[in-house]
Amino acid sequence: MAVQVYRFDQPQRFIAGTVGRPGERSFFLQARDATKLISVLLEKEQVSVLAERVDDMLDEILRRAGGMTTVPAVAPADLDDLEPLEQPIVEEFRVGAMTLRWDTDDEQIVMAAYAAVDDDTEPPDDPDESDRDVMVVRLTGPAARAFVKRAQAVVAAGRPPCPLCSLPLDPAGHVCPRQNGYRRRD
């Protein structure tokens, strides 16, 4: 089967979102432009790490440029996207590895999400040389800040943490290691 490179050079929408109830959610990255809608499945931790790395990269670019860049310090309010994932949600692939870089010429973040593979091979530097499916998204500084803001909110919207051990609380309670195995009910 041929390798697919899903390229979004200025997506109309690029978000992290979920399907399901807290504790049973599936996490997706979804990109849309005028001609295609692509959804890829990934883990909650991958969404969290991606948002953190993008945010750190933007902060560093802003710091190095001394404020003389198109990267805003915070997400512009007019770019807030509170809408759910678009339907139909068709999983193109499960994400295994991701890469992130800054294109200094265009002042854009370039994120590539590669399909999971059975071996531990690293993805190539150039997505066009990939031996697996890949989604490549280019975002301006403001769009990247908006992505980070939403991704962090999606991750935080899960189950609340136990005040004693910080593990997620299930609706029926959970076995708290700080309570010597007694079930905590809320």
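Heads up: numbering here begins at 1 and tracks the sequence.
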Problem set entry | Check against side chain to side chain contact (heavy atoms under 4.5 Å, CB included), Tyr114 and Val95 | CA-CA 6 Å; Tyr114 294 85; Val95 175; over 6 Å; no

Look at the side-chain heavy atoms of Ile, Leu, Val, Met, Phe, Trp and Tyr, link any pair under 4.5 Å apart, and say whether [X] and [Y] land in one connected group.
| X | Y | answer |
| --- | --- | --- |
| Leu50 | Leu58 | yes |
| Val154 | Phe28 | no |
| Val110 | Val40 | no |
| Val54 | Phe14 | yes |
| Leu29 | Val136 | no |

A side-chain contact here means heavy atoms from C-beta on lying under 4.5 Å apart; do [X] and [Y] qualify?
| X | Y | value |
| --- | --- | --- |
| Met98 | Leu100 | no |
| Pro11 | Leu139 | yes |
| Glu60 | Met57 | no |
| Ser26 | Ile89 | no |
| Leu41 | Phe93 | no |
| Val134 | Pro123 | no |

For this session: I would like to know whether Gln152 and Val47 meet side chain to side chain contact (heavy atoms under 4.5 Å, CB included); could you show each step before the answer?
Result: CA-CA 8 Å; Gln152 290 172 336; Val47 174; over 6 Å; no

Taking atom [atom1] as the centre, does [X] end up with more than 12 heavy-atom neighbours from other residues, nucleotides or ligands that are less than 6.0 angstrom away?
| X | atom1 | value |
| --- | --- | --- |
| Asp78 | CG | yes |
| Arg138 | CZ | yes |
| Asp118 | CG | no |

How close do [X] and [Y] get, heavy atom to heavy atom, and via which atoms?
| X | Y | value |
| --- | --- | --- |
| Cys162 | Cys176 | SG-SG, 3.9 Å |
| Pro124 | Ser130 | CG-CA, 3.6 Å |
| Ser48 | Val155 | N-CG2, 4.0 Å |
| Gly158 | Pro22 | C-CB, 4.0 Å |
| Ala144 | Ile109 | CB-CG1, 4.4 Å |
| Arg145 | Pro72 | NE-O, 2.8 Å |

For this session: Output, in order, the C-alpha distance, side-chain angles, deciding distance and verdict of side chain to side chain contact (heavy atoms under 4.5 Å, CB included) for Glu107 and Val71.
Result: CA-CA 8 Å; Glu107 289 197 359; Val71 175; 5.7 Å; no

[atom1] of [X] to [atom2] of [Y]: how many Å apart, nearest 0.5 Å?
| X | Y | atom1 | atom2 | answer |
| --- | --- | --- | --- | --- |
| Asp133 | Arg94 | CG | CZ | 14.5 Å |
| Asp125 | Arg101 | CG | CZ | 9.5 Å |
| Glu86 | Ile15 | CD | CD1 | 7.0 Å |
| Phe147 | Thr140 | CZ | OG1 | 13.0 Å |
| Lys149 | Asp55 | NZ | CG | 12.0 Å |
| Arg63 | Asp56 | CZ | CG | 12.0 Å |

N/O donor-acceptor pair under 3.5 Å between [X] side chain and [Y] backbone:
| X | Y | result |
| --- | --- | --- |
| Arg150 | Ala16 | yes |
| Gln46 | Glu43 | yes |
| Arg32 | Arg13 | no |

Exercise. Taking only residues two or more places apart in sequence, or in another chain, which ones meet Phe27 in a ring-ring contact (aromatic ring centres under 6.0 Å, His included)?
Worked result: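 With neighbours one apart ignored, the set is empty.
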
Return all side-chain donor-acceptor pairs below 3.5 angstrom for residues 3-10, not counting sequence neighbours, or 'none' if the list is empty.
{"residue": "Tyr6", "atom": "OH", "partner": "Glu92", "partner atom": "OE1", "Å": "3.1"}
{"residue": "Arg7", "atom": "NH2", "partner": "Asp128", "partner atom": "OD1", "Å": "2.4"}
{"residue": "Arg7", "atom": "NH2", "partner": "Asp128", "partner atom": "OD2", "Å": "3.2"}

